[in-house]
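One structure is given below, encoded as structure tokens.
We're numbering straight along the sequence, starting at 1. Order of listing sets the numbers, starting from 1, for every ligand and every atom in it. It should be emphasised that the depicted structure is a prediction, and the values quoted were computed from it without experimental measurement.
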Amino acid sequence: MKNYIKHDPWKIIEEGFDMKNHTASESLFSLGNGRFGQRANFEEKYSGKSLQGNYVAGVYYPDKTRVGWWKNGYPEYFAKVLNAPNWIGINVTIEGEELDLAKCKVTDFVRTLNMKEGCLNRKFTAELSSGKQIKVDATRLLSMTDDETAVIKYSVEPLNFTGKIIFSPYIDADVKNEDANYDEKFWDEVGKEVSGNEGYITVATKKTDFHVCTGMKTKLTVNGNEVETNAQSLVKEKYVQTKIEIEARQGQIITLFKFAAITSSMNYPKHDVLSACHAALSRAYSSGFDTMLSQQIAWWESKWEHGDIIVNGDVAAQQGIRFNIYQLNQTYTGEDERLNIGPKGFTGEKYGGSTYWDTEAYCLPFYLATAEENVGKNLLKYRYKQLDKAIENAQKLGFTGGAALYPMVTMNGEECHNEWEITFEEIHRNGAIAFAIYDYIRYTGDKNYLVDFGLEVLIAISRFWAQRVSWSEAKEQYVMLGVTGPNEYENNVNNNWYTSKVATWTLKYTQEAIAYVKETEPTRYTEIIEKTKFDVNKEIKKWKHILDTMYFAYNQELDVFMQQDGFMDKEQILAKDLKPSERPINQNWSWDRILRSVFIKQADVLQGIYLFEDEFDLATIRRNFDFYEPRTVHESSLSPCVHSILASKIGDNKRAYEFYLRTARLDLDDYNNEVHEGCHITSMAGTWMSFVKGFGGMRIKNDKPYFAPNIPEEWESYLFKVNFRGAILEVFVSKNEINIKNLSKKSVPLTVLDKNYTINAEQTLKI
Ligand code: BGC
């Protein structure tokens, strides 16, 4: 755990430069705009340890799988979101000496991510070995309003000398991924041009042939007045640079503005990618830095206006939740249904930028409540469009008749995980994708989704479950063999309760969906039945049989659901008895020892209780929570949020708050000692859930919002806003009152603490 980020409600601040923290800070201070993003690498040369990272959403490379012995069923490749051309680079030379923070004396270093304004700033004073001192003030933003553009304002002030400063802004496309399986580079050069203060490079990905053009254009000012520069250019393979020299006087503020544009063949025909980049760059250049900044501030102001959460009386908690909301919004804007949310977003290479079950199980609720309705729908349609691939994926594993197994990890619908032993059998992801359809409809009321897209997906997933269970002669029940539950610390188990639960739930819900479409849209119903060749009687009969006879692991004595068969054979020790030096166990224990141990990586049975809570009474929830929580080591970022929501549910506010802090500040405080690899973007949506669903007690019941708020002792009050079916509700909770304001122009029926109310337009309900 680290503790160097200064607490502040709106800013992430690092004071003082400590090279040890740099790669962690590169993750924490990342920027993105939904279309592209990057780690907070320095503009000027840095010879210390750094993970270079620029990423363009949706642009990936299928890196051939590397295993010892090949087995049927291995994915051919592990998709990787590429480290894309570096457009931020500005080398700075002072009287012949290069500015490099790893090599000079750095004082007054402050790095700030301003979440209100959506920009990154860095200030420092550097003393070079020559004794020359300069002050640097650099601000960078990736435009949210014109998502092909970005800008850097890089100012230097000579503090104790007058002399020559050379700026060399460049674009470097000769970059690679640290996680490349065969240490190869993934980009080929297509073309480049540079003239005066402007340069472009177009590169194409090997195999997938995505074309990406990156452009830059610079402008120089001295004390705010633009000066003519006689930029010289330098080109190398996959590299363009311009060189600007200036005789700087002591005390002058010399500012280099570097405008950038990134366009790709995701959005243009390949032959237009360069001209589109010209156009985008010219838009940015003619807007200028100040206009781009004010547009950025305005965009974020409106985002915060609708999606902020305010915590009074606890700055650490406030900063934590805003950081989570900020990162989620700069990772995924929901405007493009081809895109999704990688577990690390634009903050690192791990997980390859691919889509996991995280999207449906964790991210969807955040976007449903804080973004336009089409955003949640786009997330669902992403999977709908990949249904054929999911059917193919199941076929490869021996399933037939239109059964679909969605991938655990994917870019384009094909399975591309790289940890076969673990992820292969995590078939529970299929359940999350089915549940998301229900969750979306429950929230939005858009039942047409079933008619248009949802039912086809549900039928295919149900078909998979119906084939994936086996009939046990011994038990005279259906069982689910050889799976890995959400707890990845045990693989290939039998009868993982969560997987069986989500499977049977899908079989039930699909029947309801079939009945609904049949009744409301008979023509479409017939079309779907024909398209899917669904044998209504036979298939539904089997589903019913499974539902009637499914086996669920259960321990009578303890009266709790069993995570899987044989769970009680394990040595029943508790996480609190682990020595601090042993944690996290995944960095200190052998995999063999982890697999045999009782320790649970992340919510598993509790994940099921969280999803299907209406099926259980409070005593059951409490018993299972009290049994599994002490055995959980929370070594997945997706875990503490679920525990926090359940702790709130059973009225254990103290623990709800502890888990909340752990999820909200997971990255800021680097709980699991891994933030240098990137931030946990998908679990940030879990943090939001532990606030709104946990403390706010928000659910959707009977087509209405339902709230059962509680407040941690440490807080004076809190406030959050949620969209619900065209209305915006602002929920304020203090120690002794709940105020719910309806900010919209229509009345909203809702339930608070089990009592029904209707709040008229622009009125407040006070309880
Ligand atoms: C978790 C998975 C998750 C993946 C990506 C793993 O550590 O165990 O549940 O899908 O990370 O976030």
Side-chain angles (χ1 to χ4, degrees), residues 27 75 78-81 179 324 327-328 331-332 340-364 366 379 383 405-411 415-433 435-436 483-493 496 498-499 502 563 583-587 591 594-595 597 599-608 610-611 628 632-643 662-663 666-667 671-675 677-689:
S27 303
F78 179 58
K80 279 172 187 161
V81 80
D179 66 355
N324 288 260
Q327 285 287 356
L328 285 162
T331 301
Y332 181 76
N340 211 283
I341 309 148
K344 297 270 177 232
F346 296 122
T347 70
E349 293 178 2
K350 201 169 173 201
Y351 298 115
S354 297
T355 307
Y356 285 64
W357 73 304
D358 305 28
T359 293
E360 285 76 19
Y362 292 83
C363 301
L364 180 68
F366 168 79
L379 285 174
R383 298 290 193 177
L405 175 59
Y406 277 91
M408 183 64 184
V409 182
T410 195
M411 260 307 169
E415 178 61 85
C416 61
H417 60 72
N418 67 341
E419 271 192 314
W420 188 82
E421 300 73 10
I422 300 178
T423 36
F424 180 70
E425 289 182 332
E426 279 194 71
I427 53 175
H428 64 80
R429 75 256 188 177
N430 241 12
I433 290 163
F435 188 83
V483 303
T484 296
N487 168 34
E488 294 182 337
Y489 285 179
E490 203 176 353
N491 311 146
N492 198 260
V493 300
N496 169 258
Y498 174 73
T499 308
V502 85
Q563 187 172 276
R583 299 186 73 167
I585 57 173
N586 68 17
Q587 289 171 20
W591 189 235
I594 290 176
L595 291 179
S597 85
F599 295 118
I600 303 168
K601 182 182 180 191
Q602 67 199 92
D604 191 309
V605 167
L606 296 185
Q607 182 79 23
Y610 152 69
L611 283 188
Y628 286 108
T632 308
V633 284
H634 300 292
E635 290 180 12
S636 160
S637 62
L638 300 176
S639 191
C641 54
V642 173
H643 284 236
R662 185 161 175 168
T663 177
L666 178 86
D667 289 325
Y671 271 85
N672 288 341
N673 195 22
E674 58 184 7
V675 82
E677 295 173 344
C679 296
H680 298 85
I681 301 296
T682 46
S683 82
M684 292 184 177
T687 302
W688 178 90
M689 294 201 299

Any protein N/O atoms within less than 3.5 Å of an N/O atom in ligand 1? List the atom names and distances, or say none.
| residue | atom | partner | partner atom | Å |
| --- | --- | --- | --- | --- |
| ligand 1 | 7 (O) | Y351 | OH | 3.4 |
| ligand 1 | 7 (O) | K601 | NZ | 2.7 |
| ligand 1 | 8 (O) | E488 | OE1 | 3.0 |
| ligand 1 | 8 (O) | E488 | OE2 | 3.4 |
| ligand 1 | 8 (O) | K601 | NZ | 3.0 |
| ligand 1 | 8 (O) | Q602 | OE1 | 2.5 |
| ligand 1 | 9 (O) | W357 | NE1 | 3.0 |
| ligand 1 | 9 (O) | Q602 | NE2 | 3.1 |
| ligand 1 | 10 (O) | W357 | NE1 | 3.0 |
| ligand 1 | 10 (O) | D358 | OD1 | 2.7 |
| ligand 1 | 11 (O) | Y351 | OH | 3.3 |
| ligand 1 | 12 (O) | D358 | OD2 | 2.5 |

Between the side chain of [X] and the main-chain N/O of [Y], is any donor-acceptor distance below 3.5 Å?
X	Y	result
Q587	N672	yes
T484	E426	no
E488	K601	no

Qualifying residues under side-chain contact (heavy atoms from CB on, under 4.5 Å), relative to V605, sequence neighbours excluded = W497, F561, Q563, I609, N624, Y628

What residues, two or more places apart in sequence or in another chain, satisfy ring-ring contact (aromatic ring centres under 6.0 Å, His included) together with W688?
-> F366

Non-neighbouring partners of Y406 that pass ring-ring contact (aromatic ring centres under 6.0 Å, His included), sequence neighbours left out | none

